[in-house]
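Have a look at the structure below, then the notes.
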Amino acid sequence: GLSVSFECTKPDTWNKQKSLLVAHIKNSSDAPIYGLNLQCAVPKYVTMTMSPPTSTTVPVTGGSNTKNVTQTIEVTNTMLGSKNLMLKLKVGFTLKGAKVEHMATCSGFPAGEY
């Protein structure tokens, strides 16, 4: 199936509230995923800018020339230190001709950092 992991960095040393999240999207199924659509929602105290994915087709992960699909999300937590970052994700795609839609909540970001 599809898995999404986040690589979190701080782009500006002077702005602790701002974070750059790079979603690494992997496909562990035996067929390519087509029409990838990742949507993200954040609480009111977080502002967000999301760039499009590097591809809407996710090849089967593991081949020697497998291209990683990534999507960059820039977030600013205006309540950093008192409220933790939380994301609600909605992902849609087509696998073997069947449309798949899944929702998840990501709340395991280190407290006080993001």
Side-chain angles (χ1 to χ4, degrees):
L2 184 83
S3 67
V4 179
S5 60
F6 288 102
E7 178 186 348
C8 307
T9 57
K10 296 284 185 185
D12 303 322
T13 52
W14 53 270
N15 185 353
K16 299 276 184 237
Q17 294 181 332
K18 186 175 174 183
S19 301
L20 203 60
L21 312 178
V22 179
H24 292 269
I25 301 155
K26 294 193 162 112
N27 173 8
S28 63
S29 73
D30 60 358
I33 286 173
Y34 297 104
L36 175 73
N37 180 19
L38 180 67
Q39 295 175 319
C40 187
V42 291
K44 284 185 173 47
Y45 59 88
V46 176
T47 59
M48 176 188 73
T49 313
M50 201 165 160
S51 59
T54 54
S55 174
T56 56
T57 300
V58 186
V60 176
T61 304
S64 58
N65 61 353
T66 304
K67 282 199 324 201
N68 277 343
V69 176
T70 60
Q71 188 160 4
T72 303
I73 305 163
E74 190 178 282
V75 293
T76 302
N77 183 349
T78 61
M79 305 274 297
L80 184 70
S82 59
K83 292 204 175 202
N84 294 331
L85 177 63
M86 189 181 83
L87 306 173
K88 286 202 175 189
L89 298 177
K90 181 179 177 184
V91 64
F93 56 88
T94 302
L95 177 63
K96 297 181 181 175
K99 284 192 185 298
V100 178
E101 202 167 86
H102 187 71
M103 293 181 79
T105 301
C106 299
S107 57
F109 297 96
E113 287 186 44
Y114 299 99

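Just the heavy atoms: all of them, side chains too, but no hydrogens, waters or symmetry mates, feed the values below.
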Shared hydrophobic cluster, [X] / [Y] (ILVMFWY, side-chain heavy atoms < 4.5 Å):
X	Y	value
Leu89	Val69	yes
Met86	Val46	no
Leu80	Tyr45	no

Could you list the donor-acceptor pairs under 3.5 angstrom formed between side-chain atoms of residues 91-114 and any protein atom two or more places apart in sequence or on another chain?
| from | atom 1 | to | atom 2 | distance (Å) |
| --- | --- | --- | --- | --- |
| Lys96 | NZ | Asp30 | OD1 | 2.8 |
| Tyr114 | OH | Cys8 | O | 3.3 |

List, one per line, each side-chain donor-acceptor pair under 3.5 Å for residues 19-28, sequence neighbours excluded.
| from | atom 1 | to | atom 2 | distance (Å) |
| --- | --- | --- | --- | --- |
| Ser19 | OG | Lys10 | NZ | 2.9 |
| His24 | NE2 | Glu7 | OE1 | 2.8 |
| Asn27 | OD1 | Ser29 | N | 2.9 |
| Asn27 | OD1 | Ser29 | OG | 2.7 |
| Asn27 | ND2 | Ala31 | O | 2.9 |
| Asn27 | ND2 | Val58 | O | 3.1 |
| Ser28 | OG | Gly1 | N | 2.8 |
| Ser28 | OG | Gly1 | O | 3.1 |

Throw together a table of side-chain donor-acceptor distances under 3.5 angstrom for residues 48-55, partners on residues two or more places apart or in other chains.
| from | atom 1 | to | atom 2 | distance (Å) |
| --- | --- | --- | --- | --- |
| Ser51 | OG | Thr72 | O | 3.1 |
| Thr54 | OG1 | Thr70 | N | 3.0 |
| Thr54 | OG1 | Thr70 | O | 3.4 |
| Ser55 | OG | Thr57 | N | 3.0 |
| Ser55 | OG | Thr57 | O | 3.0 |

I would like to know whether Leu36 and Tyr34 meet side chain to side chain contact (heavy atoms under 4.5 Å, CB included); could you show each step before the answer?
CA-CA 6 Å; Leu36 175 73; Tyr34 297 104; over 6 Å; no
Show, in sequence, the C-alpha distance, side-chain angles and deciding distance for Thr47 and Val75, and conclude whether the side chain to side chain contact (heavy atoms under 4.5 Å, CB included) test is met.
CA-CA 6 Å; Thr47 59; Val75 293; over 6 Å; no
Provide the full list of salt bridge (charged side-chain N to carboxylate O under 4.0 Å, His left out) pairs with a residue in residues 35-57, sequence neighbours left out, each pair given once.
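Counting only pairs at least two positions apart or across chains, no salt bridge (charged side-chain N to carboxylate O under 4.0 Å, His left out) contact touches residues 35-57.
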Sub-3.5 Å donor-acceptor pair from the side chain of Gln39 to the main-chain atoms of Lys90, do we have one?
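It does not hold such a pair.
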Could you list the residues that satisfy side chain to side chain donor-acceptor pair (under 3.5 Å) with Lys18, not counting sequence neighbours?
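Asp12.
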How would you list, by chain and number, every residue that makes a side chain to side chain donor-acceptor pair (under 3.5 Å) with Asn84, sequence neighbours excluded?
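Partners of Asn84 by the side chain to side chain donor-acceptor pair (under 3.5 Å) criterion come out as none, since no residue qualifies.
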